[in-house]
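Data first, discussion second: the structure below is written as structure tokens.
Everything quoted here is computed from the prediction, not taken from an experiment.
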Amino acid sequence: MNNCPLESERKIMLFLVAALLLMGILLGTAAHLPVPVTLIAATVIAGWLLVFFLRERHHDDEVTS
């Protein structure tokens with residue numbers, strides 16, 4: 001008997017459970033912080049991502065030229 005459909009369903013269910021658990025931990029943490037702290041953290045993370053993006057873009061320009 002072929003168990004492939006059951007195995008793929010188990011993998012999908014495990015992925016969904018892990019994704020929901022991770023999302024719950026991350027969103028739950030933000031929900032328990034005061035709004036100003038959450039906004040400051042979001043600003044710091046956005047700034048960090050912007051700096052990373054600009055450095056990667058600058059690095060790609062140097063490599064291609």
For this session: Could I get the full list of side-chain contact (heavy atoms from CB on, under 4.5 Å) partners for Leu33, not counting sequence neighbours?
Result: Val37, Thr38

Problem set entry | Atom pair CG (Leu49) and CZ (Phe52), whose distance is rounded to the nearest 0.5 Å | 8.5 Å

Seminar exercise, completed: Taken to the nearest 0.5 Å, the spacing of Leu39 CG from Thr43 OG1 works out to 6.5 Å

Compile the donor-acceptor pairs under 3.5 Å between side chains in residues 11-25 and protein atoms, sequence neighbours left out, one pair per line.
none

